[in-house]
Structures are given as structure tokens and as C-alpha cells.
Number of protein chains: 2
Amino acid sequence: MTGPVRRGGSSPVPRSADVARRAGVSQKTVSRVFNDEQYVSAEVRRRVLEAAEELGYRMNHAARALASGRSRSIGVVSLGTALYGPASLLIGVERAARDAGYALRVVNTMEGDPAGVAGAVDSLLEQGVDGIVISEPIDEGPVSLSTDVPVLVLGAPPAFAGPRAVTVGVGSDLLARAATEHLLDLGHTTVHHLAGPRRWYAARDRLEGWRAALTARGRDEPPVIEGDWSASSGYAAGRELASDRDVTAVFAANDDMAIGLIRALAEAGRRVPDDVSVVGFDDIPVSAYVTPPLTTVRQPFDAVAQEGLRLLVHAIEKPDTDPLAASDPPVDLVVRASTAPRPPRTTPGRERRTTSPPG
Amino acid sequence: MTGPVRRGGSSPVPRSADVARRAGVSQKTVSRVFNDEQYVSAEVRRRVLEAAEELGYRMNHAARALASGRSRSIGVVSLGTALYGPASLLIGVERAARDAGYALRVVNTMEGDPAGVAGAVDSLLEQGVDGIVISEPIDEGPVSLSTDVPVLVLGAPPAFAGPRAVTVGVGSDLLARAATEHLLDLGHTTVHHLAGPRRWYAARDRLEGWRAALTARGRDEPPVIEGDWSASSGYAAGRELASDRDVTAVFAANDDMAIGLIRALAEAGRRVPDDVSVVGFDDIPVSAYVTPPLTTVRQPFDAVAQEGLRLLVHAIEKPDTDPLAASDPPVDLVVRASTAPRPPRTTPGRERRTTSPPG
DNA sequence: TTGAAAGCGCTAACAG
DNA sequence: CTGTTAGCGCTTTCAA
């Protein structure tokens, strides 16, 4: 058995019994005070708090968790990437959790990690979390989570996780649809799509939204190009697309790819937005300052995280109540200078040459 | 007392005693197996593992923490921002911690948060973490950490934290110096600096490095402009700087600000790099694809996180040994197209007019 | 409104 | 190599 832990060789770490002795009350009363239970007289509460203060008492959460069966913490499974989306979501989740009185435990999964999400969830379960958030998962085969702990999945279809799963769509599809429609409204005959990796639900969502917009207007659906979210993959896609004079509008699944794409287009002599319009996705902080400033669609990361956590905490604390309904996040299209009306050009079937307006 | 927690209305959650019974050994032996202790025969180990598997046993970390006095977890205090630097550092820390067998608990502080770092540390201490990482702290007055837990401070001066503090400089000063020297080597008479917020140690570090480079060559030190890391603050700074024809080289404390700066310069008709050279800091993923591609200095976030965690884990596990020495991270200047030799111009003291080369 | 007693599931120390 | 015994610091239950 370990002796009492000492601090800097001075006094041992105080426990609630020490506080109780000093305040002249029972240990249970100290517990009551620190849990804000009722039935403690103001006077006793004051004495306890004072004694605790003097001793520098801090509650031992491990003991509390063991005795109560609840840890008051939430586990997050997140991708190990500095991408703006996942990072923003994590911040939102942390703040919402803290506001609700829960601590956060984080496990990252790496793409291609054999254990993957299931392993991460398992390690969180061992740690005794009261709830789990899976943020922007990627598809690595079916994950069956054999747990009773409520699971919130941010940005994946409902079928993704176990029995007590709460799902909050990040609304990517709606946003993607709005982005595509913006381009169509500008007169473009069709819109090309530079998608994220197929394994990501987020990428598939956006692809669906793009497709829906095209279908609704009976437009051709050009072949999809798949990137990996990086600017460099956007650049590669841009080189491909640049040679095709029929391409006048591209919707990229994130801003990084859009930026790479624009650079490739520019190097190939295709001007944005004069010759080609480009819409990005996310509204990363620099997108208003690149050349040209990027038209993009802002994701409400904070709102999604907050909303999701509200549902999760509800599922944790009121397991027998009906699950709360998730509301759809708002669409926020930010129109800047990377989109413009479709340039006059050869109409399919007829020969016609026009000069573009002075740039 | 709570009854045993049930899973989906089926069997109760198994504990080590259940595994022991099923495997026909003592509870302590199960504990030995799960802690990889020696002195367990291969046969017994196998039986235990098998029984555990069948029961779906998972160790209860709260109980372990309570009994052993160690939680095998590390707490991180991080800024609640999606900035590339802090986000990358967090990812690095998580991975290093996991590799070392520690779980991660995260608390974000918001700028202007009254409780601030001290409050965050306190909540981590309650959670019983074995060590604490403070990532890229900002200066909010002296923080005195009254704890025996080892603290790793990433990117702040040694004096920052308590008795058992380990500090790892992120080497910003060295990198900033290299960036400034690159500009000087290009023939620029002096280099202007667009700094981060004074409150950030990281910003002050970079400012020091810039100043050191200038001083070493006996150059004028132009007034510093302070931004807030955002592209928009870089843009504002750029508008100021653009009107001063003496400005031919600027070192921005991060890439976002550099990008905003370049845009303002371009709008004012000052070409980059022909008229003004700009160096950024961080090498964010898009910086190679903006216009012009940004010369910047890459921060070795992963190496810093790994190195720091190595020291922290050492301090946790071998408290009586000498602290390990931190090695300096390497300088990695990425030269792209935003920097060029100083343009010919009016030499101080003589009147001389030259036309700039065709752009 | 307060207190006493009995664990929560595990590890530490020691005995076999 | 394996088992026994006593807690870790709190919450729960029940009694006062």
C-alpha cells in the first residue's frame, strides 16, 4: 500500500475526512457540501468550505467515480489531424462539455490504424466515460459498439453506432447543395465536383448534396474527382481540370483543395472567376484573403458541437426520457470573388466565338 | 449504493473477480495478468485472458487509480483555438501520450477567461492526472502552480511554472532569426516585423529572434506592428505598410497574417516579391499554394511534442532521477516565391530613380 | 438536517 | 509462481 502522497515534502494531500475533522462535522457532510446537495445548513456549509480552503482540499474524482459509478467525463474519438473542421469541432465539444460539467478525454485515431474507432472507444470505456463523442468518423467497415454508454456521432449516418447512439448531421449535404445551386444560379451549365476521400462520411455527404442540386435541375453530372482534403491534391485536380475548356464551375469539398485548385488553374492560364468559378467549403480563416477571395460555405461547427452535446448529456442524465430532436444547422453561403457568371462561350451545337470582357 | 451496472438489460458488467472465478484463479492473479506483471505462468495467463474475453471484461480505471494513486493519464491545458500551431501540438501530444501508455484529458482556456490557466490546472489536478502539459500559454500574470505533479510547458520561459516544471522551448526564436536572416541575406537593408499578440510567449519569442538577427548585423529596428494571428489583422497591417516605400521586407509571425498582408500589399499595387518580400511562420498546409507561394519557416510540432512528452513521462516515472535534457529542434526554412532580392531603389542620401523590372 | 456503516473494483504488501 | 488481507477516498443507504 502506498503511504499518503506528499506534496513537496510538506503536508500530505488532504482528504474529505481531514476537512470534516477541522470543520467539526462528519465526512459525509463534507461530501454533501461539495456535491451541492440540499439539507446542509448555511452555517455548516460555510465552516466546511473554510476548512477546505485552509487545507487546500481538492476532491478525488477517482474515488468519486468508483463509488458512484459515474465519472462525469465524456470521451471524444477524433481524427488525428489539424484540419480546420475536426479541430474546430473538438474545441466546440470541449467547451460544451465543460459548460455541462463534464471533463473531456480525447483519443485520436489515425487513418489506417488497425484498431481504429472500435479500439479508441474501448479505451474510453475502460476509462469509465459517461458518454462518447465520435467526431467525423471515416468508414472502416462496420463498427459495432457493444456498450450501454450513449454515443454521439457527429457527421455520420444514424446507422453508424450502437444501441444508444445519438446522431447529429453536420448538414454538409444541405450546405453542399446550396454551394452548387449558387453556381448554377450564376448561369453555369453544370458544376464539377472535387470531392474529399470517399472513406469520409463528410465527403460523401457533400457529394450527395452536389448531386442532388444537379439532379433537381436536370443537369449533367460530370465525373467526380477525388482529393484528400489537401491543397496539394486540389492542385493536382486543377491541372487535370484546366485542360478541359468545358469546365466553368467547380465545387471543392473544402477550402484547402479549392485554394490548390485555383493555383493550378491560374498557372494554366485559366482565370478565376473570369474563366472558371470555384466554391470552397468550411470558410477557413484565410479564405477571405487568398487571391481571389474565396466564395465558400461556412460550417457552423460550434452550433453543431453544442447541439450534439446537449443531446448527449440528455441521454446520459435522463436515460429513460425520449431522445431530444436535433435541429438542422443554418446554411451560410459566403459569396466572395471566386465566383462569377458563366463566361460567354461556344454553345453546344453551334459555333460562336466571343472575347471575354476585359479582366 | 448503486446496483451493478447493467448492459442493455442483459448481464452485469464483469469485474476482475468474475474473471478470476471463471478462470479458476484468484482475483489478484487476474490483476497481475492485466498489468503485465511477471511471475504468471503462460498457462494461467492464457486461461485468464480467455475468461476475460468470454466475459467481455474491461478493467476499471477509476478503481485502479484509487488504489494505486496513479491515473495513468496526462492533462493538457490548451488554448481554445483552431489555429494551426496549437492544434498540431495537441495532436502530437496525444499521440506521444498514447504511445507512452497515458490517456489524455483536455481543458481549454479561452483568452480573457478569468480563471485561466490556474483554474484549468486545478480541474486537471482534481481529475488526478499524473502530469500536466501547458501548451503555448499566454501571459496572464504570474501563475503559481502549487502541486507536486510534473508540469511540461511547451513554448514559454522556464520560470513559468511550479517546482516540478519541465520546459521545452519550441525554438521559435531560432526559427524567427533564421527567417529574418534569410531576408537580410537577400540584400534587404532591414526587415519589418508583423508580430503576434504581445500576451503570447510564442509571439515574444519570435520578436526576440527577429530583433537578434537585426542587432547582430547592426541594422535599424523598425517599429513593430502587432497583429492577432488572423489574416484579417495581417491585412490591416499590410495597408499601413504599403504606403511606406521604404518597406521592402516583412517577417510575419505566422502564415495567416502573412497571407492577409500580401493581399493588402497587392491591392495597394505593391508586388510580392518584386517590391516587397514576405516571410511567414508555421508552414500551414495552404501556404505552398497561395499567390505567391509563401516562404515560411516550418515548425517541428511533432518533434517538440514528442520530445516534451518524453521529458514529462520521465519526470513522472522516475521522479528521483535527474531531469532529461531537451534538445533544440532543427531549423527548417522553406524558401518559396514570396521572397526575392531587394529591389533597386533610392539610396539614402542620393537621389536616384530606377524603373523596376517588368513584372 | 446530520451521522454511521458498508462497500465501489482495484493494487500493495506480505505470506505461502 | 499464487493467494490473502487491508485499504484507496468517496457515495450510498439507512438511521437518528
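These numbers come from a predicted model, not from an experiment.
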Inset, instruction - Respond yes when some side-chain nitrogen or oxygen of A:S26 is under 4.0 Å from OP1 or OP2 of C:dA4, and no when none is. - result: no
Inset, instruction - Establish, with yes or no, whether the OP1 or OP2 oxygen of C:dC10 is under 4.0 angstrom from a side-chain nitrogen or oxygen of B:Y57. - result: yes
Inset, instruction - Among D:dG9, C:dG3, C:dC10, find the nucleotide with the atom closest to the side chain of B:L66. - result: D:dG9
Inset, instruction - Can you sort out the partners of A:Y57 under ring-ring contact (aromatic ring centres under 6.0 Å, His included), two or more places apart, ordered by chain and number? - result: A:F34
Legend entry - Phosphate OP1/OP2 of C:dG3: any A:T29 side-chain N/O under 4.0 Å: yes
Inset, instruction - Could you tell me whether the phosphate oxygens of D:dT11, OP1 or OP2, come under 4.0 Å of any side-chain nitrogen or oxygen in A:S68? - result: no
Inset, instruction - Check whether any side-chain N or O of B:N60 sits under 4.0 Å from OP1 or OP2 of C:dC8, and answer yes or no. - result: no
Inset, instruction - Would you classify B:Q27 as touching base, sugar-phosphate or nothing, given that sugar-phosphate means primed atoms plus P, OP1 and OP2, and contacts are heavy atoms under 4.0 Å? - result: base
Legend entry - Shortest side-chain distance from A:K28, nucleotide among D:dG3, D:dT13, D:dG9: D:dT13
Inset, instruction - Verify the contact: side-chain N or O of B:R64 to OP1 or OP2 of C:dC10, cut-off strictly under 4.0 Å; return yes or no. - result: no
Acceptor/donor pairs from residues 117-124 of chain B side chains to any protein atom, 3.5 angstrom cut, sequence neighbours excluded:
residue: B:D122; atom: OD1; partner: A:R58; partner atom: NH1; Å: 3.0
residue: B:D122; atom: OD2; partner: A:R58; partner atom: NH1; Å: 3.3
residue: B:S123; atom: OG; partner: B:A120; partner atom: O; Å: 3.2

Legend entry - Under-4.0 Å side-chain N/O to phosphate OP1/OP2 contact, B:S16 with C:dG9: no
